[in-house]
Number of protein chains: 2
Amino acid sequence: MAAWRAFLSTSHLLERRIEEQLKSAAGLTHPQYEILVRLSEAPGRQMRMTELARGVIVSKSALTYQITQLEKAGLVERATCPSDDRGVLAVLTEAGLRCLERVAPGHLEVVRSYLIDRLSRDELRTVTTAMQKTEQALRSS
Amino acid sequence: MAAWRAFLSTSHLLERRIEEQLKSAAGLTHPQYEILVRLSEAPGRQMRMTELARGVIVSKSALTYQITQLEKAGLVERATCPSDDRGVLAVLTEAGLRCLERVAPGHLEVVRSYLIDRLSRDELRTVTTAMQKTEQALRSS
DNA sequence: AGCGGATAGTTCAAATCTGAACAACGCGTA
DNA sequence: TACGCGTTGTTCAGATTTGAACTATCCGCT
């Protein structure tokens, strides 16, 4: 249970730090940043809403809301899906890409300085596989 | 970065599971459950608001709100702090304690089945110390 | 005693999240 | 082709969170 306690506290504390850093650096929330990252890595810099929601792990309605916000900010656009008339594609704009490239270094710096750099190579490897295992278990059910 | 990605996903997925389990089992949210746990472990089953907020890692205003909710449910009571007239003590009631004892097993089962039991003894040990290190780093700044 | 800067909790407005309800579309089968 | 069911994304109401502003209190120093 000590593992769980520490895990829980760490995730909440880190979330706070990240939120604070992103907000002050770019006026972005953490979910918004994650959306930009996912889109930037997707082929064509675009993704279906549902797939994106699964990726960042928020409800469909939360994603609808956030995409609308990002659209207002000009970082993302909606496009109709050619293969499925029900579908909506979230597309990263040029401005969105530039925004991400501008913000990413500061964000990664926070993650590294608090999480990554504190751990030895062995610890990091073990933690990674452990987290991947539990993620897998949680996703498949 | 793989570590971070997996860590982030795991924490969000687990959070969802836990929220769902607690809500259906007792109508509690995860923050509310954590509040009950902290109080149950505190001497006199009571804690100052600020200390409690630091423990569960939420803002003071969020704690004020949640304590009010728990008070309505009869699980917690507010008491004036004898040593500091500004202070407020959150006190776990008998009903709160019984509620916690009723809900805890189901909650722990979720945490165990997804997080703890998937890891070897060595992995668990490493993850624990790693999380404790990062928690420490995050708290002291 | 009395001032002045910290601290404790609460209140408030704004933002965000979730689940349920809904409308529109896709797809297999008769 | 038409029915039925699953999927997609949005809308909506309600709950929760946060930070800022505020009130009340404490404490060290003069």
Side-chain angles (χ1 to χ4, degrees), chain A residues 8 11-24 26-35 39 46-73 76-91, chain B residues 8 11-24 26-35 39 46-73 76-91:
Chain A
L8 192 58
S11 75
H12 286 168
L13 287 166
L14 245 186
E15 200 69 49
R16 270 172 163 285
R17 287 298 159 117
I18 288 169
E19 204 77 42
E20 177 186 16
Q21 194 272 326
L22 285 174
K23 200 92 77 182
S24 76
L28 287 176
T29 66
H30 191 198
Q32 287 170 350
Y33 176 83
E34 285 298 319
I35 289 171
L39 288 179
Q46 58 185 25
M47 257 195 240
R48 288 289 294 272
M49 295 293 276
T50 298
E51 187 191 0
L52 189 48
R54 252 196 294 273
V56 300
I57 308 165
V58 291
S59 63
K60 290 183 297 174
S61 30
L63 184 63
T64 293
Y65 175 76
Q66 287 299 171
I67 292 293
T68 303
Q69 298 307 109
L70 289 169
E71 213 171 10
K72 285 180 194 168
V76 166
E77 281 174 357
R78 275 183 234 249
T80 59
C81 179
S83 62
D84 189 337
D85 279 350
R86 297 169 302 177
V88 171
L89 286 170
V91 187
Chain B
L8 192 57
S11 76
H12 287 167
L13 287 165
L14 244 185
E15 200 68 48
R16 271 174 163 285
R17 287 297 158 117
I18 287 169
E19 205 76 42
E20 176 186 15
Q21 194 272 327
L22 285 175
K23 200 91 74 181
S24 77
L28 286 177
T29 66
H30 192 199
Q32 286 171 349
Y33 176 84
E34 285 298 319
I35 289 170
L39 288 179
Q46 58 185 24
M47 257 195 240
R48 289 288 294 272
M49 294 294 276
T50 297
E51 188 191 359
L52 189 48
R54 252 196 293 273
V56 300
I57 309 170
V58 290
S59 63
K60 289 183 299 174
S61 31
L63 184 63
T64 294
Y65 175 76
Q66 287 300 169
I67 292 295
T68 304
Q69 298 307 109
L70 290 169
E71 212 171 11
K72 285 179 192 166
V76 165
E77 281 175 356
R78 274 184 234 249
T80 59
C81 180
S83 63
D84 187 339
D85 279 350
R86 298 169 303 177
V88 171
L89 286 170
V91 187

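- Heavy-atom contacts of chain B under 4.0 Å fall on DNA chain D between two terminal nucleotides, which in 5' to 3' order are D/dA15 to D/dC26.
- Not a single side-chain hydrogen bond (donor to acceptor under 3.5 Å, both in side chains) links A/Asp85 to another residue, sequence neighbours left out.
- A straight line from NZ of A/Lys23 to P of C/dA15 spans 10 Å, rounded to a whole angstrom.
- With sequence neighbours excluded, the residues satisfying side-chain contact (heavy atoms from CB on, under 4.5 Å) with B/Ser61 are B/Ser59.
- For the segment residues 48-62 of chain B, the set of residues with a heavy atom within less than 4.0 Å of an atom of DNA chain D comprises B/Val58, B/Ser59, B/Ser61, B/Ala62, in numerical order.
- Scanning all heavy atoms of the two residues, the minimum distance from A/Thr29 to A/Leu22 falls at O-CD1, 4.0 Å.
- Residue pairs meeting the salt bridge (charged side-chain N to carboxylate O under 4.0 Å, His left out) criterion with at least one member in residues 63-72 of chain A, sequence neighbours excluded: A/Glu71-A/Arg78.
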> In B/S/- notation, 5' to 3', how is nucleotides 23-28 of chain C contacted by protein heavy atoms closer than 4.0 Å?
Replying inline: -BBS--

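- Annotation: the span from B/Gln66 atom CD to B/Thr68 atom OG1 amounts to 9.0 Å, rounded to 0.5 Å.
- Distance, A/Leu63 CG to C/dT16 P: 13 Å, rounded to whole Å.
- Counting heavy atoms from C-beta outward, A/Val76 and A/Gln69 have side chains that stay 4.5 Å or more apart.
- Residues A/Val88 and B/Thr29 both approach DNA chain D. Their nearest nucleotides, taken by heavy-atom distance, put A/Val88 toward the 5′ side.
- Residues satisfying the salt bridge (charged side-chain N to carboxylate O under 4.0 Å, His left out) test with B/Arg16, not counting sequence neighbours, are none.
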Side-chain donor-acceptor pairs of residues 46-58 of chain B under 3.5 Å, sequence neighbours excluded:
none

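- The minimum heavy-atom distance linking B/Glu19 with B/Pro31 is given by the pair OE2-CD, 4.2 Å.
- Residues that satisfy the side-chain hydrogen bond (donor to acceptor under 3.5 Å, both in side chains) test with B/Glu34, not counting sequence neighbours, are B/His30.
- Scanning residues 12-22 of chain B for heavy-atom distances under 4.0 Å to DNA chain C yields B/Arg16.
- B/Leu89 places its CG atom 12 Å from the C1' atom of C/dA8, with the value rounded to the nearest Å.
- Interatomic distance, B/Ile18 CD1 to A/Leu8 CG, rounded to the nearest 0.5 Å: 7.0 Å.
- B/Glu71 places its CD atom 13 Å from the C1' atom of C/dG9, with the value rounded to the nearest Å.
- Residues satisfying the side-chain contact (heavy atoms from CB on, under 4.5 Å) test with B/Ala79, not counting sequence neighbours, are B/Leu89, B/Val91.
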